[in-house]
Q: 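If you scroll down you'll find the structure; I have some questions about it.
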Amino acid sequence: MKIAIGLSGGVDSSVAAALLLEAGHEVTGVTMKIWRDGLYRGGDRDGCFGPGETDDIRRAEALCRQLGIAYRVFDCADPYESVVLDYFRREYLAGRTPNPCIRCNAFMKFGVLTELARQSGLEFDRLATGHYARIRPAADGPALYAGSDPVRDQSYFLHRLPRARLAHLLFPLGEYAKPEVRRLAARFGLAVKDQPDSQDFYSGDYTELLHAADRPGDIVDAAGRVLGRHNGFWHYTVGQRKGLGIASPQPLYVIELNSCRNEVVVGAASDTLRRYLRAGDPNWLAPLPVAGTMVSAKVRSAGKPLPARVLEASEAGFRLEFPDGVNAPARGQSAVLYDGGRVLGGGVIEEAWLNG
RNA sequence: AACCCCAUGGUGUAAUGGUAGCACAAAUGAUUUUGGUUCAUUUAGUCGAGGUUCGAAUCCUUGUGGGGUUG
């Protein structure tokens with residue numbers, strides 16, 4: 001089979017490419033170029049969006065040379081600016097917390113990149129990536145499943161892919177655990193076998209991307225008492241503990257961003273607890289769950305899925321009840337629903353509250 | 001003006017003559033393909049000056065800075 005594999009220059013996508021080749025496929029490496037020098041400062045860390053991209057591409061190129069496969073780089077900087085960065089700015093400045101990776105996966109890696117590759121004349125039957133997730137057949141068609149290693153599972157980031165795309169994807173690492181992938185990298189003799197794991201969204205301070213002048217305001221408690229000052233609510237996110245600079249008997253957490261009043265509202269850890277949430281702009285990868293169904297839900301990529309009851313689900317959104325509660329769901333983040341290991345779909349959190 | 005109370009890391013507090021401890025904050029690291037969370041480590045203090053004592057955050061004198069009562 002002809003396969004295009006998205007390469008990041010990291011261990012995971014490299015091993016995925018080697019596995020596909022070993023399985024006898026005809027493989028071509030592809031990479032999105034999204035960084036533009038001069039427009040942003042970047043930083044020292046490793047990140048998807050940052051000046052380190054040049055090195056990432058060099059490593060991916062070297063990998064393809066070693067494997068003896070073709071390699072293509074596609075300039076996606078313009079669409080990335082409008083699809084990811086504009087969204088990122090808009091959300092933060094509206095007092096919400098965006099998830100750029102979800103957006104990037106849905107519209108860039110599995111959207112723009114695929115189209116540009118096809119337009120360039122590259123022929124392939126499947127697009128593959130090094131994500132820890134699985135595509136498996138279900139009664140209603142191909143379905144997205146969590147990776148078999150619950151620690152590394154990345155299905156949360158993939159829930160927004162168009163359902164029709166699932167049939168054309170491959171995730172070669174879906175059955176592996178990270179240590180196994182590292183061993184495979186060594187076995188394949190890949191130069192990237194000792195590359196560090198983590199890869200942030202942005203290599204610098206994310207607030208640099210917002211182009212927002214500081215706007216000082218109050219940090220208040222639920223009763224409205226002023227406890228401290230901030231330089232712009234977009235420097236914070238619901239559930240955040242560090243960086244408030246306020247000494248108190250108990251650690252304080254952000255419980256709300258009030259963009260209208262330019263206030264950051266803080267409280268005790270217990271004040272972040274919510275029992276209900278409403279999500280909009282859903283993407284469904286399975287038949288709509290029936291009201292009353294118990295599912296597992298994740299409101300952030302890390303952390304275990306929580307039991308949740310679907311109160312209502314439609315093409316417009318859904319509402320959930322968490323019998324055991326959920327800590328600090330943030331507006332703008334995604335709630336993703338699972339039935340066992342299967343991703344049913346997800347949506348963007350609009351609102352969360354404690355008492356029905 | 002007189003009298004009383006108080007003064008301990010950046011903040012809030014323990015330690016009634018015997019190793020200055022805790023919480024929060026901050027910094028660093030680990031974890032993590034968002035933001036965050038969590039975990040570990042570190043930084044940092046007895047208001048100044050004298051005195052008593054083997055030994056003072058603690059007792060005495062005084063200065064300084066807060067708070068209160070009286071007129």
Side-chain angles (χ1 to χ4, degrees), chain A residues 6-13 16 32 34 45-50 52-53 56 84-85 87-89 91-106 108-109 129-133 147 149-160 171 173 178 181 195-210 219 227-229 232-257 264 266-269 272-273 298-304 306 326-336 346 348-349:
Chain A
L7 296 176
S8 68
V11 182
D12 294 337
S13 57
M32 296 190 299
I34 54 179
R45 290 179 308 170
D46 186 30
C48 286
F49 185 64
E53 181 182 71
D56 295 336
V84 178
L85 298 179
Y87 148 83
F88 190 75
R89 274 189 277 277
E91 289 287 283
Y92 262 118
L93 296 180
R96 298 154 64 97
T97 306
N99 189 319
C101 295
I102 288 173
R103 188 97 173 169
C104 177
N105 282 329
M108 298 299 302
K109 288 179 190 164
T129 67
H131 284 105
Y132 289 83
D149 177 359
V151 179
R152 301 300 301 202
D153 169 44
Q154 291 173 317
S155 58
Y156 178 85
F157 293 104
L158 298 171
H159 79 276
R160 194 154 276 277
F171 299 124
L173 302 187
K178 186 71 183 194
V181 171
Q195 274 294 116
D197 266 352
S198 78
Q199 196 178 25
D200 295 330
F201 155 58
Y202 180 50
S203 57
D205 177 344
Y206 76 84
T207 56
E208 287 169 6
L209 299 178
L210 304 182
I219 299 177
L227 302 182
R229 299 282 291 168
F233 56 81
W234 53 86
H235 292 279
Y236 304 87
T237 189
V238 169
Q240 176 172 341
R241 170 180 177 177
K242 304 298 282 184
L244 297 173
I246 302 169
S248 87
Q250 297 296 318
L252 295 174
Y253 294 79
V254 174
I255 58 179
E256 188 192 338
L257 300 180
V264 173
V266 299
T272 66
L273 187 74
K298 287 172 78 165
V299 297
R300 52 177 58 84
S301 60
K304 47 256 159 272
L306 300 170
V326 55
N327 279 318
R331 291 167 62 233
Q333 293 280 288
S334 289
V336 178
V348 180
I349 298 169

Q: Could you tell me how far U19(B) sits from C24(B) if I compare only their C1' atoms? Round to whole Å.
A: 25 Å
Q: Considering only the C1' atoms, how many Å lie between A14(B) and A57(B), rounded to the nearest integer?
A: 11 Å
Q: Roughly how far apart, to the nearest Å, are C39(B) and G18(B) at atom C1'?
A: 36 Å
Q: For Ala330(A), answer base if it contacts any base atom (sugar-phosphate contacts may also be present), sugar-phosphate if it contacts only those atoms, and nothing otherwise; contact means non-hydrogen atoms under 4.0 Å.
A: base
Q: Measuring to OP1 and OP2 of U32(B), would you say a side-chain N or O of Tyr132(A) lies under 4.0 angstrom away?
A: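 Answer is no, no contact under 4.0 Å.
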Q: Roughly how many Å apart are C47(B) and C6(B), using the P atom of each and rounding to a whole number?
A: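 One P to the other, the span is 13 Å.
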Q: Looking only at the aromatic ring of each residue, does the gap between the centers of Phe201(A) and Phe88(A) stay below 6.0 angstrom?
A: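 Yes, close enough.
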Q: Looking at every non-hydrogen atom in both residues, tell me the closest pair between Ala16(A) and Thr129(A) and how far apart they are.
A: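 Closest pair (atom of Ala16(A), atom of Thr129(A), distance): CB-O, 4.2 Å.
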Q: Closest heavy-atom contact between Leu257(A) and Thr237(A)?
A: CD1-CA, 4.3 Å
Q: Using whole Å, what does the distance between atom P of nucleotide G10(B) and atom CG of Leu227(A) come to?
A: 21 Å
Q: Classify Tyr92(A) by what it touches in the nucleic acid, base, sugar-phosphate, or nothing, heavy-atom distance under 4.0 Å.
A: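 Sugar-phosphate only.
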Q: Walk me through whether Tyr206(A) and Tyr92(A) qualify under side-chain contact (heavy atoms from CB on, under 4.5 Å).
A: CA-CA 10 Å; Tyr206(A) 76 84; Tyr92(A) 262 118; 3.4 Å; yes
Q: Looking at residues at least two apart in the chain, or sitting in another chain, which of them share a side-chain hydrogen bond (donor to acceptor under 3.5 Å, both in side chains) with Glu53(A)?
A: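 With sequence neighbours excluded, Glu53(A) shows a side-chain hydrogen bond (donor to acceptor under 3.5 Å, both in side chains) to Lys33(A), given in chain and number order.
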Q: Touch check for Tyr253(A), heavy atoms < 4.0 angstrom, all strands: base, sugar-phosphate only, or nothing?
A: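 If one applies the 4.0 Å heavy-atom cut-off, Tyr253(A) turns out to touch the sugar-phosphate alone, with no base involved.
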Q: Quick one: is Arg331(A) getting a side-chain N or O under 4.0 Å of the G35(B) phosphate, OP1 or OP2?
A: no
Q: What does Arg152(A) touch in the nucleic acid at a heavy-atom separation under 4.0 angstrom: a base, only the sugar-phosphate, or nothing?
A: sugar-phosphate
Q: Starting from the C-alpha separation in whole Å, work towards a yes-or-no answer on side-chain contact (heavy atoms from CB on, under 4.5 Å) for Leu158(A) and Phe171(A).
A: CA-CA 11 Å; Leu158(A) 298 171; Phe171(A) 299 124; 3.8 Å; yes
Q: For the side chain of Arg89(A) and the backbone of Leu209(A), is there at least one donor-acceptor N/O pair under 3.5 Å apart?
A: yes
Q: U32(B) C1' sits how many Å from Gln240(A) CD, rounded?
A: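 One finds 16 Å between C1' of U32(B) and CD of Gln240(A), rounded.
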Q: Just call it for Lys178(A): base, sugar-phosphate, or nothing, with non-hydrogen atoms closer than 4.0 Å on any strand.
A: nothing
Q: Working note: Phe157(A) + Asn99(A), criterion side-chain contact (heavy atoms from CB on, under 4.5 Å); need CA distance, chi angles, decisive distance, verdict.
A: CA-CA 9 Å; Phe157(A) 293 104; Asn99(A) 189 319; 4.0 Å; yes
Q: Rounded to the nearest Å, what distance is computed from the CZ atom of residue Arg45(A) to the P atom of nucleotide G29(B)?
A: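 One finds 11 Å between P of G29(B) and CZ of Arg45(A), rounded.
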Q: Write down the distance separating the C1' atoms in G17(B) and A25(B), rounded off to the nearest Å.
A: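 Looking at atom C1' only, G17(B) and A25(B) are 33 Å apart.
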Q: G35(B) C1' sits how many Å from Phe157(A) CZ, rounded?
A: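 Going from Phe157(A) (CZ) to G35(B) (C1'), I get 10 Å.
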Q: To the nearest Å, give me how far apart CG (Asp200(A)) and C1' (U31(B)) are.
A: 12 Å
Q: Work out how far the C1' atom of U38(B) is from that of C5(B), and round it to whole angstrom.
A: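 Their C1' atoms lie roughly 44 Å apart.
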Q: In terms of heavy-atom contacts, does CD of Gln250(A) have more than 12 from other residues, nucleotides or ligands at under 6.0 Å?
A: no
Q: Could you tell me if Tyr132(A) and Asp12(A) have a donor-acceptor pair between their side chains, going purely by distance under 3.5 Å?
A: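 The answer is yes; a qualifying pair exists.
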Q: Expressed as a whole number of Å, how far does the C1' atom of U13(B) sit from that of U46(B)?
A: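 Here U13(B) and U46(B) have their C1' atoms 13 Å from each other.
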Q: Atom CG of Leu158(A) and atom C1' of U34(B): how far apart are they, to the nearest Å?
A: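 Interatomic distance, CG of Leu158(A) to C1' of U34(B): 13 Å.
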Q: Check the orientation of Tyr156(A) and His159(A). Use parallel for under 30°, tilted for 30 to 60°, and perpendicular for over 60°.
A: tilted
Q: Tell me the interatomic distance from Asp153(A), atom CG, to U32(B), atom P, rounded to whole angstroms.
A: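 Those two atoms, CG and P, are 14 Å apart.
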Q: Judged by each residue's nearest nucleotide on RNA chain B, which is more toward the 5′ side, Asn99(A) or Gly239(A)?
A: Asn99(A)
Q: Atom NE2 of His159(A) and atom P of U34(B): how far apart are they, to the nearest Å?
A: 15 Å
Q: Quick check: any donor-acceptor pair below 3.5 Å linking the side-chain of Gln333(A) to the base of U34(B)?
A: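 It does, because a donor-acceptor pair links the side chain of Gln333(A) to the base of U34(B) below 3.5 Å.
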Q: In dot-bracket notation, what is the pairing pattern of RNA chain B, taking Watson-Crick (N1-N3 plus N6-O4 or O6-N4) and G-U wobble (N1-O2 and O6-N3) contacts under 3.5 Å, with [ ] crossing and | for other strands?
A: (((((((..((((....[..)))).(((((.......)))))....(((((..]....)))))))))))).
Q: When the C1' atoms of U43(B) and G10(B) are compared, how many Å lie between them, rounded to an integer?
A: 11 Å
Q: Counting only side-chain heavy atoms from C-beta out, which of G36(B), U37(B), U34(B) sits nearest to Tyr206(A)?
A: G36(B)
Q: Please work out if Val238(A) contacts a base, only the sugar-phosphate, or nothing of the nucleic acid, heavy-atom cut-off 4.0 Å.
A: base
Q: If a protein heavy atom is under 4.0 Å from the base, mark B; if only from the sugar-phosphate, S; if neither, -; do that for nucleotides 20-26 of chain B going 5' to 3'.
A: ---SBSS
